[in-house]
Visitor: 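Have a look at this one.
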Amino acid sequence: MSDSLKQWARVQRALIRIENNKNRQEEEYEDDVWFFFQNCYHLKDWIIHDDTNLISSKTVEAYIERNLELKLCADLANRSKHLKLTKKPRKDAKTSSKDLTIDCATAGFPGEGSWHYDFVVSWEDSSMEAIKLAQESVKEWAKLLTTYGVLN
């Protein structure tokens, strides 16, 4: 397995962790959300620097610039890594809210149930759930990797 495919697998495992968000501790879940966006965005570096791929850095960067989800992913990755941004964000995406949902209907009797956290990503006059953005970002990377024969 090539190095970029190893990173691709890591991104997919990180997505599974944030999709499985029931009954998680808030801090643990938040860490996994940031971990996902860091690894997802920086998949670009693994693609560019993997000598088994025939995808140029120019092609990868142009693909990101044409793709809203990957630009948002870039902003979130950079916000999570840097206390102070020194470069202008692509879309100025940030997490704008954190919601806790408690579902007592799944319980057979009082005191049981489930809960999950949802993070909302906002940019300009728009917003999207972080899980949805993560899923869409993975789909967009899959398109690029399939187009260039990295994924079959």
Side-chain angles (χ1 to χ4, degrees), residues 1-101 114-152:
M1 179 183 287
S2 71
D3 289 335
S4 59
L5 285 179
K6 288 177 187 175
Q7 179 67 8
W8 171 244
R10 191 172 297 118
V11 168
Q12 291 177 311
R13 289 191 303 272
L15 177 60
I16 290 167
R17 278 195 295 277
I18 65 172
E19 288 175 329
N20 296 327
N21 67 348
K22 282 192 176 178
N23 301 343
R24 303 267 313 271
Q25 295 299 315
E26 179 181 1
E27 295 82 11
E28 176 187 293
Y29 183 67
E30 186 172 9
D31 288 349
D32 283 344
V33 169
W34 292 125
F35 173 79
F36 171 82
F37 286 111
Q38 290 170 7
N39 279 282
C40 186
Y41 174 62
H42 289 289
L43 175 60
K44 75 175 194 133
D45 298 320
W46 293 76
I47 295 168
I48 292 167
H49 296 291
D50 186 339
D51 293 335
T52 65
N53 294 334
L54 300 176
I55 310 173
S56 70
S57 61
K58 186 175 180 180
T59 298
V60 173
E61 292 295 343
Y63 186 75
I64 292 168
E65 283 304 312
R66 290 190 312 269
N67 186 285
L68 173 64
E69 291 82 6
L70 294 179
K71 287 193 282 189
L72 297 172
C73 188
D75 284 353
L76 294 174
N78 288 325
R79 282 191 187 286
S80 69
K81 287 182 7 177
H82 303 286
L83 178 61
K84 183 176 180 181
L85 295 177
T86 56
K87 294 181 183 176
K88 183 179 177 191
R90 295 170 192 242
K91 296 300 281 181
D92 202 22
K94 55 189 81 143
T95 56
S96 60
S97 65
K98 200 174 355 181
D99 299 320
L100 171 64
T101 302
S114 65
W115 71 88
H116 68 273
Y117 291 95
D118 292 315
F119 290 85
V120 176
V121 176
S122 297
W123 70 98
E124 298 168 353
D125 291 330
S126 300
S127 64
M128 177 187 304
E129 288 183 359
I131 289 176
K132 176 77 170 157
L133 175 58
Q135 292 165 334
E136 293 302 317
S137 296
V138 167
K139 287 179 189 175
E140 291 304 322
W141 278 128
K143 288 178 192 175
L144 178 74
L145 295 172
T146 301
T147 298
Y148 285 88
V150 177
L151 290 178
N152 296 324

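Just so we're clear, the structure is a prediction, and the values are computed from it rather than from any experiment. One is the number of the first residue; the rest follow in order along the sequence.
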Visitor: Using 0.5 Å steps for rounding, measure from the CD1 atom of Ile55 to the OH atom of Tyr63.
Guide: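 If I round to the nearest 0.5 Å, the distance is 10.0 Å.
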Visitor: Can you name the one residue among Gln12, Arg10, Gln7 that meets side-chain hydrogen bond (donor to acceptor under 3.5 Å, both in side chains) with Asn39?
Guide: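 The side-chain hydrogen bond (donor to acceptor under 3.5 Å, both in side chains) with Asn39 is passed solely by Gln7 among Gln12, Arg10, Gln7.
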Visitor: Can you tell me how far CD1 of Ile18 sits from CG of Asp118, rounded to the nearest 0.5 angstrom?
Guide: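 Spacing of CG (Asp118) from CD1 (Ile18) equals 11.0 Å.
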Visitor: Checking Asn20 side chain against Ile16 main chain: does a donor-acceptor pair fall under 3.5 Å?
Guide: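 Checked: pair present.
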Visitor: Side chains of Phe36 and Asp32: closer than 4.5 Å at any heavy-atom pair?
Guide: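 With C-beta onward as the side chain, the pair stays apart.
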Visitor: Taking atom CG of Leu145 and atom CG of Asn152, what is their separation to the nearest 0.5 Å?
Guide: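 Output value for this atom pair is 11.0 Å.
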Visitor: Could you please spell out the steps behind the side-chain contact (heavy atoms from CB on, under 4.5 Å) verdict for Tyr148 and Thr59?
Guide: CA-CA 11 Å; Tyr148 285 88; Thr59 298; 3.2 Å; yes
Visitor: Taking atom CD1 of Ile48 and atom NZ of Lys58, what is their separation to the nearest 0.5 Å?
Guide: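 Rounded to the nearest 0.5 Å, the CD1-NZ separation comes to 13.0 Å.
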Visitor: Side chain to side chain contact (heavy atoms under 4.5 Å, CB included) with Ala62: which residues, sequence neighbours excluded?
Guide: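 For Ala62 the side chain to side chain contact (heavy atoms under 4.5 Å, CB included) partners, ignoring immediate neighbours, are Arg66.
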Visitor: Between Val150 and Ile47, is there a side-chain heavy-atom distance shorter than 4.5 Å?
Guide: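 No, every pair of side-chain atoms sits at 4.5 Å or beyond.
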Visitor: Minimum heavy-atom separation for Leu70 to Ser137, with atom names?
Guide: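 Minimum heavy-atom contact is CD2-O, 3.8 Å.
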Visitor: Heavy-atom count check: over 12 atoms from other residues, nucleotides or ligands less than 6.0 Å from Phe35 CZ?
Guide: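 Enclosed: over 12 neighbouring heavy atoms sit under 6.0 Å from CZ of Phe35.
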Visitor: Nearest 0.5 angstrom please: His49 NE2 to Asp3 CG, how far?
Guide: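 So the gap between those two atoms works out to 12.0 Å.
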Visitor: Measure across Ile64 and Lys44 and return the closest heavy-atom pair with its distance rounded to 0.1 Å.
Guide: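 Smallest interatomic distance, heavy atoms only, reads CD1-CD, 3.7 Å.
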Visitor: Do the side chains of Tyr41 and Leu76 get nearer than 4.5 Å, heavy atoms only?
Guide: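 With C-beta onward as the side chain, the pair stays apart.
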Visitor: Answer yes or no: is there a donor N or O on one side and an acceptor on the other, between the side chain of Trp46 and the main chain of Trp8, under 3.5 Å?
Guide: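 Looks like no, no N/O pair under 3.5 Å.
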Visitor: Just verifying a value: how many Å separate Leu151 CG and Lys143 NZ, rounded to the nearest 0.5 Å?
Guide: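 Answer for the CG-NZ pair, Leu151 versus Lys143, is 13.5 Å.
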Visitor: Is the closest side-chain heavy-atom distance between Val11 and Trp141 below 4.5 Å?
Guide: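 Heavy-atom side-chain distance check fails, nothing below 4.5 Å.
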Visitor: I need the single residue from Asn53, Thr52, Asp51 that forms a side-chain hydrogen bond (donor to acceptor under 3.5 Å, both in side chains) with Ser4. Which is it?
Guide: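 Going through the options one by one, the only one that passes is Asn53.
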